[in-house]
2 protein chains.
Amino acid sequence: MNEGSDSRQPSAPDRRLAAAAESQFRRFGYKRTTIDDITAEAGTGKGSLYLHFESKQAIYMAVVEASLERFVEAASRLVDGSEPVPTRLRSLVELTIEHYGHDELLCASLFGRSGLVDGEVARMAADFQRTRIRDLIRELIVIGQRERSVRAHVNADAAAAVLFEIGWAVVRTALEGDSQIPLEQALTTLNEIVGLGLLPRHD
Amino acid sequence: MNEGSDSRQPSAPDRRLAAAAESQFRRFGYKRTTIDDITAEAGTGKGSLYLHFESKQAIYMAVVEASLERFVEAASRLVDGSEPVPTRLRSLVELTIEHYGHDELLCASLFGRSGLVDGEVARMAADFQRTRIRDLIRELIVIGQRERSVRAHVNADAAAAVLFEIGWAVVRTALEGDSQIPLEQALTTLNEIVGLGLLPRHD
DNA sequence: CTGATGACCAAACTATGATATTGGTCACAC
DNA sequence: GTGTGACCAATATCATAGTTTGGTCATCAG
């Protein structure tokens with residue numbers, strides 16, 4: 001069995017299908033990609049797709065999940081860092097802007113403003129991403145509380161939800177280029193407010 | 001001249017047109033309200049509308065501006081209060097939720113999720129509302145800094161922009177009923193983070 | 001003469017029917 | 001037993017005819 005440089009290499013069909021799907025979804029978006037597009041690129045018959053994935057939606061979600069894991073790996077390294085929690089939060093926001101600014105597929109499904117994907121599958125993909133990112137924030141708060149660098153009085157779930165909304169607003173504004181103030185200033189101000197609060201401190 | 005209880009009372013045509021427009025826009029939304037609807041209710045000819053307002057958009061914006069002033073008056077009373085700034089902020093968020101939950105016309109133009117209004121005029125109306133609310137927040141911060149109850153180090157413009165995004169996210173989530181956590185808890189957590197920050201305090 | 005009116009019209013929108021496309025299925029071939 | 005692609009119901013798209021509407025301005029009334 002020669003498994004050399006043949007471009008139609010005999011890897012598992014589900015792998016080939018997933019890779020073809022990612023390629024087609026990134027080029028045409030969910031709405032315009034057909035099952036025939038995917039299976040032609042994967043070199044399988046149309047019906048074979050349903051041996052491995054339940055539906056067009058299911059293979060799209062698989063692509064979204066794999067794409068998001070790339071982001072989550074980088075983000076987890078930030079969460080595990082040693083800087084103050086607000087600084088790590090700021091870095092997480094920056095990484096999100098950077099990553100989503102380069103990943104049209106994730107961006108389209110999370111913000112839903114393009115013609116590339118809409119309807120139920122877009123909602124599912126967005127919920128998945130939101131939940132995953134919110135979990136990262138929660139983890140960061142719990143770590144901070146364990147390190148005693150975050151006030152113990154803060155409820156981790158509620159704070160994660162609130163901070164997610166905050167970070168998401170900044171990310172959305174940055175990606176839409178629709179900001180009232182420069183991004184750097186917004187991040188700095190956010191860092192201050194989230195870290196130190198508005199009230200005077202007597203540290 | 002008997003100006004008694006006649007329903008077609010001889011008030012100024014621009015007043016009658018504005019009132020008729022508000023009535024029709026609230027009932028049918030911008031998209032479905034026609035100029036004939038408005039002028040029929042106002043008791044004028046169709047062309048008379050253009051003696052007082054430049055376009056359908058212009059009369060809609062006049063209605064939005066008048067409606068928003070009702071909200072701003074109540075909100076200004078909060079801003080001028082004497083409680084801690086984060087508490088006033090929280091009250092402002094609560095008032096916004098309350099007011100927008102009852103004003104479908106403002107809500108539709110600000111959030112743009114209904115079929116009542118869309119396109120350029122919705123953007124204009126939303127920008128107007130955002131700017132006005134952001135100004136209220138800025139005023140609150142400046143007052144707090146003057147009272148020395150807000151840290152002087154915070155840039156008022158940047159903080160107003162960031163806090164607006166924060167409050168807006170909470171308002172939107174509350175009105176969409178799509179929250180991960182109870183609203184009361186979100187408001188409490190928001191109050192804590194915005195007021196005290198995440199970092200330990202040695203007050 | 002001045003201001004109000006509503007008929008008019010170009011542009012936009014809507015409805016409808018015909019046609020094309022596509023996700024999913026399964027009988028058939030290997 | 002497994003993979004395939006023809007098939008089909010459901011959905012989407014397109015073309016066309018008809019309707020509606022924002023804005024204009026000639027006309028009329030006071």
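Per chain, numbering begins at 1; letters A, B, ... match sequence-line order.
- Atom CD of B/Glu41 is separated from atom CG of B/Asp36 by 13.0 Å, given to the nearest 0.5 angstrom.
- Although no hydrogens or angles enter the test, the distance criterion places no donor-acceptor pair under 3.5 Å between the side chain of A/Lys56 and the main chain of A/Thr34.
- Residue A/His52 comes nearest to A/Pro13 through the heavy atom pair NE2-CB, 3.6 Å, listed as atom of the first residue, atom of the second, then distance.
- Side-chain contact, B/Arg26 with B/Ser67: a donor N or O sits under 3.5 Å from an acceptor N or O.
- Ranked by how close their nearest DNA chain D nucleotide is to the 5' end, A/Thr44 and B/Gln57 are led by A/Thr44.
- Across all their heavy atoms, B/Tyr50 and B/Glu54 have their closest contact at CD2-O, 3.7 Å.
- In this structure, CD1 of B/Ile59 is placed 12 Å from P of D/dG22, rounded to the nearest angstrom.
- In the model, A/Thr188 has no side-chain atom that pairs as donor or acceptor with a side-chain atom of A/Asn191 under 3.5 Å.
- Of all nucleotides in DNA chain C, those with any atom nearer than 4.0 Å to a heavy atom of chain B start and finish, going 5' to 3', at C/dA4 to C/dG6.
- What separates NE2 of A/His52 from P of D/dT2 is a distance of 11 Å, to the nearest Å.
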- Message: The test is side chain to side chain contact (heavy atoms under 4.5 Å, CB included); show your working for A/Arg151 and B/Glu192 and say whether it passes.
- Response: CA-CA 10 Å; A/Arg151 291 192 297 112; B/Glu192 287 226 358; 3.4 Å; yes
Could you list the donor-acceptor pairs under 3.5 angstrom formed by side chains in residues 115-129 of chain B, with sequence neighbours left out?
from, atom 1, to, atom 2, distance (Å)
B/Asp118, OD2, B/Lys31, NZ, 3.3
B/Asp127, OD1, B/Arg130, NH1, 2.9
B/Gln129, OE1, B/Tyr100, OH, 2.8
B/Gln129, NE2, B/Ser109, OG, 2.9
B/Gln129, NE2, B/Ala125, O, 3.0

Strictly under 3.5 Å: I want the nitrogen or oxygen pairs between protein and nucleotides 24-30 of chain D, one per line.
none

- Take B/Glu165 and A/Arg172, measure what side chain to side chain contact (heavy atoms under 4.5 Å, CB included) needs, and give me the verdict at the end. CA-CA 10 Å; B/Glu165 293 295 337; A/Arg172 179 179 42 75; 3.4 Å; yes
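- For A/Gln57, the CD atom is densely surrounded, since the number of other residues' heavy atoms within 6.0 Å is greater than 12.
- For A/Glu73, the side chain to side chain contact (heavy atoms under 4.5 Å, CB included) partners are A/Arg77, not counting sequence neighbours.
- Using a 4.0 Å heavy-atom cutoff across all strands shown, B/Leu51 reaches sugar-phosphate atoms only and no base atom.
- DNA chain C lies under 4.0 Å from no heavy atom of any residue of residues 116-123 of chain A.
- In this structure, A/Gln185 places its CD atom where more than 12 heavy-atom neighbours from other residues, nucleotides or ligands lie under 6.0 Å away.
- The stretch residues 28-35 of chain A touches DNA chain C through A/Thr33, A/Thr34, A/Ile35, each having a heavy atom within less than 4.0 Å of the strand.
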- Task: Report the C-alpha distance between B/Val93 and B/Thr96 in whole Å, list the side-chain angles of each, state the deciding distance to 0.1 Å, and finish with yes or no for side chain to side chain contact (heavy atoms under 4.5 Å, CB included).
- Result: CA-CA 5 Å; B/Val93 172; B/Thr96 307; 5.5 Å; no
